[in-house]
Amino acid sequence: MALTSSLVLAALVALTVQVFYFSPIDPVSLEIPFSVSSTKNNQLQSVIKLGEGFLKQPEDVCVDKDGVLYTATRDGWIKRMVRNENWENWKHIDSSSLLGITTSKDGGLIVCDTTLGLLKVTEDGFSVILSQVNGSQLIFADDIIEASDGNIYFSVPSTKFGLHNWYLDVLEARPHGQLLRYNPLSNETVIVLDHLAFANGVALSKDEDYLVVCETWKFRCLKHWLKGINKGKTEIFIENLPAGPDNINLAPDGSFWIALIQVTSERMGFVHTSKVSKHLVALFPRLVNMINSVTKSAMVVKVTTEGNIIKKFGDNDGKKITFVTSAVEFEDNLYLGSLNTDFVGKFPLQNA
């Protein structure tokens with residue numbers, strides 16, 4: 001009996017040591033807000049699937065001045081769809097970690113690669129325009145936007161965890177994110193905002209007097225002023241969102257479309273308030289998959305310049321589309337990127 005008790009005690013001690021000593025995170029408690037609604041929102045179940053089977057996890061989408069739709073896929077391609085035509089392979093990049101893309105003022109695209117850095121992609125191919133920040137390798141560049149003055153603003157969700165371990169940043173709940181500005185003329189990169197809670201989507205206002213950056217696991221977006229009497233100041237743009245904000249894009253009317261992801265279910269929310277539970281989950285990838293709920297549903301919201309939600313579309317049941325990561329409005333349609341589909345969603349707004 002004594003021997004059995006000793007063995008049990010030794011096993012518990014060994015497990016405790018493993019959990020706390022080998023855990024890759026140093027977590028703090030995180031309260032996850034959950035949206036309470038008595039009605040289901042499944043309007044996104046009417047999306048039209050563009051390029052189904054041809055597009056592998058198209059995380060972001062953008063449209064150029066000629067109406068050509070672009071996306072970056074996990075098989076290393078920048079793919080495009082010219083008006084009223086089929087999707088085509090445009091430029092290949094030997095990478096499986098392409099994320100945010102945006103059109104460039106002088107033509108072509110600027111693309112975030114979590115391994116290589118910032119890329120410029122044109123008809124002639126691609127080149128790396130930024131691979132280091134302050135002498136260190138740039139890793140996990142996520143979303144990007146170019147201002148009319150040529151400055152490039154981009155986000156780094158976490159300086160501690162990479163793309164494939166992004167959920168560890170949510171579990172740790174310590175702010176490792178950054179918003180940066182790169183000036184191609186001076187080749188200078190500066191950190192605009194530091195210590196952000198998984199800095200994700202970035203968008204400029206219509207007049208480019210401020211930009212908005214999303215903080216995914218704080219369920220909010222920040223506004224950083226670039227011009228005017230508030231230049232250099234940062235304030236909350238919108239908070240208490242019904243899910244974690246991913247990418248954000250400027251709408252034609254000056255408002256913003258934000259893609260929202262469900263970082264966990266209400267049933268599993270307790271994990272984020274318990275340090276012990278967080279350590280356990282971080283050690284076992286299968287547990288991460290149980291806690292992470294991004295592939296269960298989809299949601300996008302339209303937010304005014306005052307930070308008020310005026311439209312919300314979803315697929316609460318996840319029957320047609322899930323894990324929507326970006327939403328771009330063009331000619332009365334909303335184009336949706338996702339890390340859990342093989343198509344880009346086209347959602348007509350006229351009858352929505």
Side-chain angles (χ1 to χ4, degrees), residues 30 32-33 35 59-62 99-102 112 114 140-147 152-159 161 163 166-167 169-170 173-181 191-206 208 210-226 234-251 254-264 292-294 298-314 323-329 334 336-339:
L30 175 66
I32 302 289
S35 177
E59 195 267 350
D60 198 11
V61 292
C62 68
L99 291 177
I101 61 174
T102 189
C112 290
T114 63
F140 208 174
D142 184 9
D143 196 26
I144 191 164
I145 194 71
E146 183 185 33
I152 297 171
Y153 295 90
F154 64 98
S155 61
V156 171
S158 178
T159 56
F161 303 103
L163 171 63
W166 72 271
Y167 202 78
D169 194 272
V170 181
R174 294 183 185 274
H176 301 299
Q178 296 177 331
L179 172 69
L180 302 98
R181 181 182 68 242
I191 299 173
V192 179
L193 296 175
D194 206 353
H195 308 298
L196 298 177
F198 205 86
N200 210 320
V202 181
L204 286 162
S205 68
K206 198 168 188 177
E208 298 191 5
Y210 65 87
L211 59 76
V212 179
V213 59
C214 300
E215 289 189 291
T216 300
W217 55 255
K218 275 197 174 178
F219 292 72
R220 71 180 187 181
C221 303
L222 300 179
K223 175 192 290 186
H224 180 77
W225 290 94
L226 303 174
T234 304
E235 60 192 60
I236 294 175
F237 174 64
I238 184 172
E239 59 185 341
N240 298 318
L241 284 159
D246 199 303
N247 284 334
I248 180 172
N249 287 286
L250 182 68
S255 58
F256 299 91
W257 286 103
I258 306 176
L260 302 178
I261 59 173
Q262 196 67 52
V263 296
T264 193
N292 185 355
S293 296
V294 294
M299 187 187 301
V300 297
V301 292
K302 191 175 188 181
V303 178
T304 67
T305 54
E306 290 78 29
N308 299 313
I309 295 176
I310 52 175
K311 292 183 180 180
K312 181 166 65 174
F313 305 119
F323 201 177
V324 169
T325 47
S326 63
V328 175
E329 182 180 348
L334 202 58
L336 307 174
S338 167
L339 277 173

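Every heavy atom of this structure was used, including side-chain atoms; hydrogens, water molecules and symmetry mates were not.
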With a 4.5 Å cut-off on side-chain heavy atoms, are [Y] and [X] touching?
{"X": "C62", "Y": "T102", "answer": "no"}
{"X": "V170", "Y": "T264", "answer": "no"}
{"X": "L222", "Y": "L196", "answer": "yes"}
{"X": "L99", "Y": "T114", "answer": "yes"}
{"X": "L260", "Y": "V324", "answer": "no"}
{"X": "F219", "Y": "I238", "answer": "no"}
{"X": "V212", "Y": "V202", "answer": "no"}
{"X": "T304", "Y": "F256", "answer": "no"}

(message) What verdict does the side chain to side chain contact (heavy atoms under 4.5 Å, CB included) test give for I310 and V303, after you've listed the backbone C-alpha separation in whole Å, the side-chain angles of each residue and the deciding distance to 0.1 Å?
(response) CA-CA 6 Å; I310 52 175; V303 178; over 6 Å; no
(request) Run the numbers on I248 and V213 for side chain to side chain contact (heavy atoms under 4.5 Å, CB included), then give the verdict. (result) CA-CA 8 Å; I248 180 172; V213 59; over 6 Å; no
Provide the closest heavy-atom pair for [X] versus [Y] in the form atom of the first, atom of the second, distance.
{"X": "E146", "Y": "L204", "answer": "O-CD1, 3.8 Å"}
{"X": "P245", "Y": "R220", "answer": "CG-O, 3.4 Å"}
{"X": "F140", "Y": "S158", "answer": "CD1-O, 3.9 Å"}
{"X": "A199", "Y": "D142", "answer": "O-OD2, 4.0 Å"}
{"X": "K311", "Y": "I309", "answer": "O-CG2, 3.6 Å"}
{"X": "T305", "Y": "K223", "answer": "O-NZ, 3.9 Å"}

Nearest 0.5 Å, please: how far is [atom2] in [Y] from [atom1] in [X]?
{"X": "T159", "Y": "H195", "atom1": "OG1", "atom2": "NE2", "result": "9.0 Å"}
{"X": "L250", "Y": "W257", "atom1": "CG", "atom2": "CH2", "result": "12.5 Å"}
{"X": "N249", "Y": "S255", "atom1": "CG", "atom2": "OG", "result": "11.0 Å"}
{"X": "S326", "Y": "E59", "atom1": "OG", "atom2": "CD", "result": "6.0 Å"}
{"X": "I258", "Y": "M299", "atom1": "CD1", "atom2": "CE", "result": "12.0 Å"}
{"X": "I144", "Y": "C112", "atom1": "CD1", "atom2": "SG", "result": "4.5 Å"}

(request) Could you walk me through whether D60 and N247 pass side chain to side chain contact (heavy atoms under 4.5 Å, CB included), step by step? (result) CA-CA 8 Å; D60 198 11; N247 284 334; 3.8 Å; yes
(message) Would you say the rings of F198 and W217 are close, in the sense that their centroids are separated by under 6.0 Å?
(response)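 Not close enough - the centres of the two rings lie 6.0 Å or further apart.
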(message) Out of the candidates T216, D143, T325, only one should pair with N200 under the side-chain hydrogen bond (donor to acceptor under 3.5 Å, both in side chains) rule; please name it.
(response)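 That would be T216.
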(request) Only counting residues at least two apart or in another chain, list the ones meeting ring pair (Phe, Tyr, Trp, His ring centres under 6.0 Å) with Y153. (result) none
(message) Walk me through whether V300 and L334 qualify under side chain to side chain contact (heavy atoms under 4.5 Å, CB included).
(response) CA-CA 10 Å; V300 297; L334 202 58; 4.0 Å; yes
(request) Anything under 30° is parallel, anything over 60° is perpendicular, the rest tilted; go ahead and classify F161 against H176. (result)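 F161 and H176: perpendicular rings.
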(message) Main chain of H224, side chain of T234: is a donor-acceptor contact present, judged purely on distance under 3.5 Å?
(response) no
